[in-house]
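Quick notes on the structure that follows.
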Amino acid sequence: MQARSEEELVEELKREHPELLHDAIVHRSKRVSVIAKRERVLELARILRDQYGFTQPVSAGAVDYIKEGRMQMIYYLMNPETRFMLMLRVDLPRDDPRMPSMTEIWEAMNFHEREAWEMFGINFEGHPNLTHLLLPPDWRGGYPLRKDFRGEGITP
Amino acid sequence: MDVVTLIWLYILGLVRWLLHEAPLQVINFIRSLPTLIPELLKWLWDFIWFNFKPLAQIIVIPGLAFILLFAMIAVWFERKFLARAMLRIGPYYCGKRSGWLQVIADFLKLFFKEFVIPDDAEKVLFLAAPVLLPTIPALAITLIPFDSNWVLFDAGGLSLPVFLAIAGLAPVIPIFTGWAANNKYTIIGSFRTAYLYISGEIPLVICAAATALLAGSLDLVDIVEAQKPIWFAIPQFIGFLIFFVGLILEAERTPFDVPTAETELVMGWRTEFSGVLFGFTMMAEYLSFLGWTLLFIVLYLGGYLGPSLFGVPLYDHIFWMLLKLAVIVVIIVLIRTVYPRLRLDQTLRLGWNYLMPLSLLNLLMTIILKWGLII
Amino acid sequence: MTEPEIKPEVMRISWGPQHPMSGQTRILIDVDGEVVRRIIADIGFTHRGIEKILENRTFIQGIVPIERMVMADTANIALGYVQAVEEALGIEVPERAKWIRSLICEMGRINSHLYAFGLQVECTGYFPAVFLWTTVDREVLLDLFEKLTGARWSYSFFIPGGVRADLPEGFRDEVRRAVEYLRRRFQDYWDAMVENPLFEMRNRGVGVLSREDAIRLGATGPVLRGSGVDMDVRKDEPYAAYGDLDFKVITEREGDCFARLKVRFHEIEQSLNIMEQIADEIPGGPVRTKVPLFPRSKPGVEALSRVETARGELGVHIFTDGGLKPYRVKINSPTLRNMYVFERLAELNRVLVADLPVILYSIDPWYLDCDR
Amino acid sequence: MAERLTAPIYGVLDYLLTWARKFSIWPVHFVTGCCSPEFMQVSGSRFDMERLGVLPFASVRQCDCLMVVGVISRKMGERVKYLYEQMGEPKFVVSVGACPTGRGPFYDSYATVAIDDLVPVDVYIPGCPPRPEAIIHGLMLLQEKIRRECGFRAGKE
C-alpha cells in the first residue's frame, strides 16, 4: 500500500509500529526521516523495504555529536516509484557504538558501513567483510572523522 | 706410444722451430712487405668485384639495411599517421620539423638504458627471446625473391614451405618468454599468443598451398613467374582475402593484437622487457609484419612483376616490390586507426569458424580451376 | 585490506594503480583462464579526507576542496555544495543566476560525458581515432569556461547567493556556435562508435545489469538509466533553472555497456538543447544577492541538497552548529554506489578478462569522487 | 693525460646520448590525482606533447619518467615508491600540480603526502591544475636538465 503524501506515510508509520521507532518527521516535500530504536532497527528496515517500497539504497554515514555524547548513523533510502527519500536514523552512545549491519536488507550498504566503521569506529555486527575501505590497511591513527581526532596536521 | 710421450715430442719440436726457423721466416715476411700490400689490395678488390651481387643482396636489398630501414620508416610512419588520425602533429622537433630522427633517438636511448632482469625469472630464456625474435623473421625474409635471380637463400625449389616452416617458429618464443618472465600478465599474454597463432597459421598455410597448386611449383620465383599473365589475387580472390586477414592476425596488428593488449594485460608478453631487450622485441614485431607482407605480395600481388619504368629490369622489379609493400603497409596502419580490438574468443571464432572452411573452399576451387576435374 | 583466501585453480591478478586502464584504483580479479570469477575493488588510493577538511573551512572556503572531487564535472559538484549551504543559511538566489548555473552545469555534463566516451573507447583498443577527438572537442568547452570564469577546470564560479560574474556580452552567440559545432561532431562520434560493427561486437551484451539488480544494488546515473529506470534528480526535484526547461530523461532497456553508451549520447543531445534554450530565453536581472564574507549559521540546522551530476545523483548533507564553519558535511558520492555495482557484476554475468575494462569504463567511474 | 685524450670522444658521445635521451622521454601511464584531465589535454591534440617526443607508455619497465600528476594520498605514496624503484636507471620524476609539491588545497588533511619524502624530484610544475602550457614548459625544463647532466660524464663532475 503506497501512501500518496509524506504526512500519510509518517502517520501510518507512527500508528502501525510505535514500538519500533522514536519519531518520524517530514522535512519537506518527498523527504522524510525516521529515528529508529537501536535494538529493533532490523525489523523496521525490513518493513520499510518490503511494505513501503524503499528498495533503493542511496548511501549511509554518521555524525558525531560529541557534546551530547551520541553518534547518529543515517541511512539514505529511496523509493523508486514515488521518488520519496527516507533518512533512517539510529542514535548510538559514543562509548560503545555497536549496531546490527544492514547488509542483509540492503546489500549495497556494504561499502558505506565499512567507511563508517573505519571513520567513526561504529562496530556493525554481521557485516561480511569489515575491513578498511578508504584508509591504508595498516592505519593506526584512530578514527579520523570523530570530533576528538588528534591526527597530524588537523587544527580543529 | 701413449699420449703423454706424444705431447712431450710435440713440445720439443715446437721449441726447436722457435729457436731455429722462426726468426728467418719473420725477416723474409718483412722483406716481402713492399710487394705484399698491393697484392692484398688487388685480392680484396677482386673479391668485392667478383661476388658483388651476393654482397649487395646480403647488405642492401633483402638483407640487413633494408630490414632495419623498413623498421625505422614503419615506426615513424605509424606514429605520424596515428597522430594525424588523432588530429595532432606527432613527433615534430626531433628531426628538424619532421621528426624523422625520432625513431633513431628512441632506439639510441633504449640502447643505453639499464635493462632490468626480474630476480626469479629464467635468465637464459629471458635473454634468449630478444635475440631470437628478430632473427626468425629476418631469416624468413631472405627467401623472398626480388628478381628472378635476386634471391639471397636459394632453397632449391622449395622456398615456400621453408618460409612457412621458419615463420611457423615465431610464435614459440613469446610462449616460453611469457613463462620465463615470471609475471602474471606475461603468462596470460603467452597463452593468448599460443591460441592466436594456432587459429591463424593453418588457414594461411592452406591458402599458400592453393597458390602453389595453381602455379604448379613450390618455388616462390616460379609462383611469381606464373603470375605473369594475371595476378593470383583475381583467380583466387577468397584466398587473397583470407591471407590478408591472416596477415593482420599473424603480425598482431590492431584488430587482432590480443596478446599485447595494452588496456588489459599491460604489454602482454613484452611487459618485463626493458631497455635494449624491449628495443629488439619492438623491432621484431615490425620484422614479422614485413615478412608476412612480403610473402603476401609474392603470392597474390605478382611479386616483382610490373610495367618497366627504368631501363634495367632489376631496378624495375625492386621498385615495384617496394611500391606494393608501401601500399599494403599504409592500408594496415589505416585499419589500425579505424577498428577497435577484438576479444580473444571472437578472434578464435573468426579463425576457426570462418577462415578455416573458407580456405578449404578456396583450395577446392583451385583444384577445379586447375584441372577441371569433377570430383 | 586483509586478503580473502584464494581458491587453488584461480589466479589472483592485481590491476594496480599503475595500469593503463585502472585509473587511480586497484582492482583485484580472480581469473580462471580467461573468465573472471570475482572482482574486488580496492579503492581509497585518492582519499584526501575532504569531509574532515570541510569541517576546518568556512562556508565559502569549502568550495575549493569540494570542487576537486570530480575535476571533469566541477560545475555540478560545486552546485551541490553551494545549494546545501544556501538551504542551511537561508540565502535567496536571483532568477538569472539560476539560469547561468544550469547553463554551466550542462556544459560540465557534456565535458564529463566526453571524458567517459574517450575512456570507454580507449579500453577497447580503439585508441587513435575517437579517444583523442574527445580532447579536441573538450577544448571548445574549456575555452568557453575560460572566457566566462577565467579557469579551465576548477573555476569556483558558484558562490552562496548566486554566481560570481555575469555573462560577458557576446557569450550567448558563442554558446550557440559551440552547440552547432558540437552537434556536427557528435554525428561523427555516432558514426565512429555506435555504427562501428567491431565496437558494437565488443560492447553489446557485455556486463548486463537488469532493472531489479540496478535498483537493488543502488546504481545511479547513466548506469541506472541504461537499465530502464528513469530516475533523474533534475526531473524529480527540479533545482536551479531545470523546473522551467523542457528536456527528456533518456532510458534504455538492455542495460549492457552499449545501452549505457547510447544513454550518454542522447543525454548530450538533451544538454545541447538545454544550452540553446538557456542561450535564447535567459531572463535579465541581478546575478548575486549580498552575502557577508563569513556568514554565520543557525545552530542545529540540517540541509540535504541533491544534484544530478554526469555520473549520477550526488547528495551533500550539511549539519551546522551555529559557528562560521559547518559542523559536519556528509557527501553521498555517485561513483561509490556504481563501484559496488561493478564488484557484483562478476556474479551477475560471465565476464572475460578482455571485457573488464569495457565494463569498468561503461560505468564511468571517477575514483576521486569515490574516495572523497 | 687520459682525460685530455678521451675528451673529444666523450664530447661527441655525450652530445649524441643526451640528444637521444632528451627527445624520447617515455612517461609511465600513471595519474595519482585530480590533475588527470589536464594531463590528457596535454597529450591531446591542441597541446600535443608528442611533438617533443614524449609518449606515455603502458609498462613501467620501458619508461624512464614518472609524472606524478595530482594529489598523493598515503596509500598511493607506497605505490609511487614501488614504481620509482622498478624503473630503469636514467629515470626522472616530474611533479605536476601543487598537491604533490606541497599538498595543495588539502594542506591540513591527515591522508595526503608531499612527494619530497617519497622520491627525488627533477621538475616541479606549479598550478592547481597547471595549465597545459605550464606542463609542456616543465617537460622542456626536464629536457634542459637531461642535456646538461645526463651524458656519459654524468658521474664524473
Side-chain angles (χ1 to χ4, degrees), chain C residues 1 16-26 42-54 56-57 61 63-74 111-112 114-115 118-119 122 131-140 142-143 146 151-154 366-369 371-372, chain D residues 27-48 50 56-61 63 66 68-80 82-84 86-87 97-99 103-113 127-133:
Chain C
M1 184 197 71
Q18 192 280 315
H19 184 278
M21 257 304 102
S22 78
Q24 295 105 341
T25 184
R26 184 165 81 116
D42 173 11
I43 53 179
F45 278 91
T46 54
H47 173 59
R48 301 152 289 187
I50 286 187
E51 289 169 355
K52 188 70 182 178
I53 286 176
L54 288 177
N56 192 18
R57 297 281 197 282
Q61 281 175 343
I63 293 174
V64 171
I66 204 162
E67 252 187 348
R68 270 126 183 99
M69 248 177 54
V70 181
M71 197 55 108
D73 188 11
T74 40
N111 194 340
S112 170
L114 275 175
Y115 200 80
L119 288 178
E122 188 202 1
F131 174 57
L132 263 296
W133 291 351
T134 56
T135 55
V136 173
D137 299 335
R138 201 176 299 123
E139 288 294 338
V140 170
L142 294 181
D143 287 349
E146 204 172 337
R152 290 161 58 94
W153 295 99
S154 57
W366 191 272
Y367 303 106
L368 295 110
D369 163 32
D371 309 339
R372 288 181 298 280
Chain D
V28 73
H29 206 293
F30 172 65
V31 281
T32 56
C34 31
C35 294
S36 52
E38 207 58 271
F39 186 65
M40 238 178 89
Q41 292 301 109
V42 166
S43 61
S45 308
R46 189 172 175 185
F47 313 93
D48 178 10
E50 214 207 331
F57 241 76
S59 157
V60 79
R61 286 273 189 265
C63 299
L66 175 65
V68 182
V69 187
V71 64
I72 308 167
S73 75
R74 204 178 288 278
K75 211 171 173 180
M76 186 69 98
E78 299 148 26
R79 297 306 195 272
V80 172
Y82 294 161
L83 273 179
Y84 186 72
Q86 282 176 7
M87 281 166 36
C99 300
R103 303 192 332 179
F106 314 102
Y107 59 93
D108 63 348
S109 156
Y110 55 89
T112 53
V113 173
C128 181
R131 283 192 62 83
E133 295 90 347

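In what follows, chains are A, B, ... by sequence order, proteins preceding strands, each numbered from 1.
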Problem - Test item: C:Thr25 side-chain N/O and C:Asp42 main-chain N/O as donor-acceptor pair under 3.5 Å - result: yes
Problem - Atom pair CG/CZ of C:Leu54 and C:Arg372 - distance to nearest 0.5 Å - result: 11.5 Å
Practice task
Report yes if the distance between the aromatic ring centroids of D:Tyr110 and C:His47 is under 6.0 Å, otherwise no.
Solution key: yes
Handout entry: Check: C:Pro17 and C:Arg26 side chains under 4.5 Å, non-hydrogen atoms
Key = yes
Handout entry: Charged N-O contact under 4.0 Å between D:Lys75 and C:Asp371
Key = no
Practice task
Decide, yes or no, whether a salt bridge links D:Arg46 with D:Glu133 under the criterion of side-chain N to carboxylate O below 4.0 Å.
Solution key: no
At a 4.5 Å cut-off on heavy atoms, which part of [X] comes close to chain D: side chain, backbone, both, or neither?
| X | result |
| --- | --- |
| C:Tyr115 | side chain |
| C:Arg68 | both |
| C:Gln61 | neither |

Which bit of [X] is near chain C, if near means a heavy-atom gap under 4.5 Å: side chain, backbone, both or neither?
| X | answer |
| --- | --- |
| D:Val31 | both |
| D:Cys128 | both |
| D:Tyr82 | neither |
| D:Ser45 | both |

Just give me the residue among [options] that pairs up with chain C most often, heavy atom to heavy atom, under 4.5 Å.
| options | result |
| --- | --- |
| D:Pro105, D:Pro129, D:Ser43, D:Pro37 | D:Pro37 |
| D:Val60, D:Leu83, D:Val28 | D:Leu83 |
| D:Phe106, D:Phe47, D:Phe30 | D:Phe106 |

Exercise for the section: Please determine, among C:Arg57, C:Met69, C:Arg138, the option with the most heavy-atom pairs under 4.5 Å with chain D. Expected result: C:Arg57
Handout entry: Pairs involving residues 27-37 of chain D, ordered by first then second residue, that meet salt bridge (Lys or Arg N to Asp or Glu O under 4.0 Å) (sequence neighbours left out)
Key = none
Completion exercise
Nearest heavy-atom approach of D:Gly97 to D:Cys35 is CA-SG, 4.4 Å
